[in-house]
2 protein chains.
Amino acid sequence: MLHISTRGEYGVRVMIDLARHFEGGLRSLTEISEDEGLPVQYLEQLIKRLRDKDLVASVRGAHGGYQLTRTPDAIRMSEVLQALEGSLETYTCPSDKDTQGQTCDWGHRIDDCTTRMLWARLRTAIFQTLDGITLAELSAVPAHPALRGLLAGGASA
Amino acid sequence: MLHISTRGEYGVRVMIDLARHFEGGLRSLTEISEDEGLPVQYLEQLIKRLRDKDLVASVRGAHGGYQLTRTPDAIRMSEVLQALEGSLETYTCPSDKDTQGQTCDWGHRIDDCTTRMLWARLRTAIFQTLDGITLAELSAVPAHPALRGLLAGGASA
DNA sequence: GCTAATCCGAGTAATCCACTCAGAATTAAC
DNA sequence: GTTAATTCTGAGTGGATTACTCGGATTAGC
């Protein structure tokens with residue numbers, strides 16, 4: 001039910017990577033994919049979603065790359081996950097789908113239906129916890145040992 | 001990401017139905033499927049999961065059926081959803097899968113890995129909200145209008 | 001103009017979902 | 001003891017999604 005796909009997983013890892021190298025200017029996907037051990041071409045698809053939601057900016061051409069559009073402490077994980085997995089609201093459960101504002105088979109408004117209330121409570125719980133975690137918190141965990149100390153300096157490799 | 005499948009949805013509706021008819025003795029799947037408008041043979045598969053987790057009891061043969069093994073207020077939705085969608089713990093994210101107790105590519109223990117901490121916080125949030133909702137709460141919402149008033153009496157249709 | 005990078009669309013094997021189908025096993029009612 | 005109603009069980013199936021790969025177009029620094 002809580003299914004975290006690699007889309008979410010990899011996307012978050014890309015964002016954490018970008019957060020760690022935030023001071024270091026542009027960072028290319030090849031760098032990220034090598035450091036994280038993830039397939040480049042797949043990351044291209046994922047980062048598109050992040051760019052479409054304006055979480056990262058891109059520069060094309062040689063020596064191009066990606067960068068966060070905001071400081072890591074201003075990026076909430078709710079935004080990140082919403083960008084990656086089509087938003088938490090639209091990724092709906094069966095009872096939400098067809099019956100917008102209509103009455104269900106039981107005769108009362110679908111909004112009153114019991115299961116719907118359950119999923120709604122679940123979704124707000126998920127949203128609130130994700131909203132309470134920033135990228136900065138996650139990227140505070142140390143990166144690869146070899147990189148420690150370089151992070152605040154301006155490392156790109 | 002929060003994907004509620006029909007497995008979860010239908011299963012919950014079955015449980016709510018059984019809760020509403022808790023006083024009325026056994027209830028057959030055909031009754032449930034007619035009242036809820038859900039395919040019987042699919043429900044057979046779902047209710048198997050609920051029975052395996054000892055949430056419902058079954059009686060075979062003619063005039064057989066199902067019944068909750070506990071009163072609705074003693075059944076938490078966390079149990080129900082865990083039974084339906086293989087438990088929230090085992091339904092893991094990619095970073096959980098292969099690396100139990102090992103160190104990850106980064107050299108520190110996988111438990112310290114950032115994404116893992118994120119998913120862990122998410123999962124406990126989900127579990128806690130589900131754990132705070134009982135079947136009784138959900139089944140308190142009125143059933144089909146025609147059935148009101150019959151509920152406490154011993155209705156089977 | 002070469003090269004490094006971002007972009008973009010299509011294709012694909014594997015897996016899961018939401019069922020259906022066929023039938024065996026069990027039991028109450030006649 | 002036959003019939004009918006029911007729970008059980010395993011297998012199959014069309015569609016969707018996932019997790020990618022492939023091929024190439026575009027853009028820019030040197």
Tell me whether the OP1 or OP2 atom of D:dT7 has a side-chain N or O from B:S58 closer than 4.0 Å.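 Looking at the OP1 and OP2 atoms of D:dT7, neither is under 4.0 Å from any side-chain N or O of B:S58.
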Does the side chain of B:S5 get closer than 4.0 angstrom to OP1 or OP2 of C:dC17 through an N or O atom?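 No.
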Could you check how far [atom1] of [X] sits from [atom2] of [N], rounded to whole Å?
| X | N | atom1 | atom2 | value |
| --- | --- | --- | --- | --- |
| A:Y42 | C:dT12 | OH | C1' | 14 Å |
| B:L50 | D:dC8 | CG | C1' | 15 Å |
| B:L38 | C:dA18 | CG | P | 12 Å |
| B:L26 | D:dC8 | CG | P | 11 Å |
| A:E44 | C:dA4 | CD | P | 15 Å |
| A:Y66 | C:dA5 | OH | C1' | 9 Å |
| B:Y10 | C:dC17 | OH | C1' | 11 Å |
| A:R51 | C:dA5 | CZ | C1' | 13 Å |

Do side-chain atoms of A:S28 reach the backbone of A:E31 as a donor and acceptor pair under 3.5 angstrom?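 Side chain of A:S28 to backbone of A:E31, a donor-acceptor pair under 3.5 Å: yes, one is there.
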Any idea which heavy atoms bring B:L50 and B:A83 closest together, and the distance?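 Closest heavy-atom pair between B:L50 and B:A83: CD2-CB, 4.1 Å.
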For B:V14 against B:L43, the heavy-atom pair lying closest together: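 Distance-wise, the nearest heavy atoms are CG2-CD2, 3.9 Å.
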base_contact_polar ([N] base, [X] side chain, donor-acceptor, <3.5 Å):
| X | N | answer |
| --- | --- | --- |
| B:Q41 | C:dC19 | no |
| A:Q45 | D:dC20 | yes |
| B:R60 | D:dT7 | yes |

Taking the side chain of [X] as its heavy atoms from C-beta onward, which of [options] lies nearest to it?
| X | options | result |
| --- | --- | --- |
| B:P39 | C:dT20, D:dT9, C:dA18 | C:dT20 |
| A:A62 | C:dT6, D:dC8, D:dA28 | D:dA28 |
| A:R7 | D:dT18, D:dT7, C:dT6 | D:dT18 |

Any carboxylate oxygen within less than 4.0 angstrom of a Lys/Arg side-chain nitrogen, looking at B:E137 and B:R76?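 Judged by the 4.0 Å cut-off on N to carboxylate O distance, B:E137 and B:R76 do not form a salt bridge.
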Between A:S33 and A:Y42, a side-chain donor and acceptor under 3.5 Å: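 No donor-acceptor contact under 3.5 Å links the two side chains.
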Nearest nucleotide by nearest heavy atom, which residue falls closer to the 5' end of DNA chain D, A:H63 or A:G8?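 Whichever sits nearer the 5' end wins; that is A:G8.
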When we call it a touch if two heavy atoms are under 4.0 Å apart, what does B:I47 touch: a base, just sugar-phosphate, or nothing?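 Contact class for B:I47: none.
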Please tell me which of B:V59 and A:G65 maps to the more 5' nucleotide of DNA chain C, matching each residue to the nucleotide holding its nearest heavy atom.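 Taking each residue's closest nucleotide, the earlier one in sequence belongs to A:G65.
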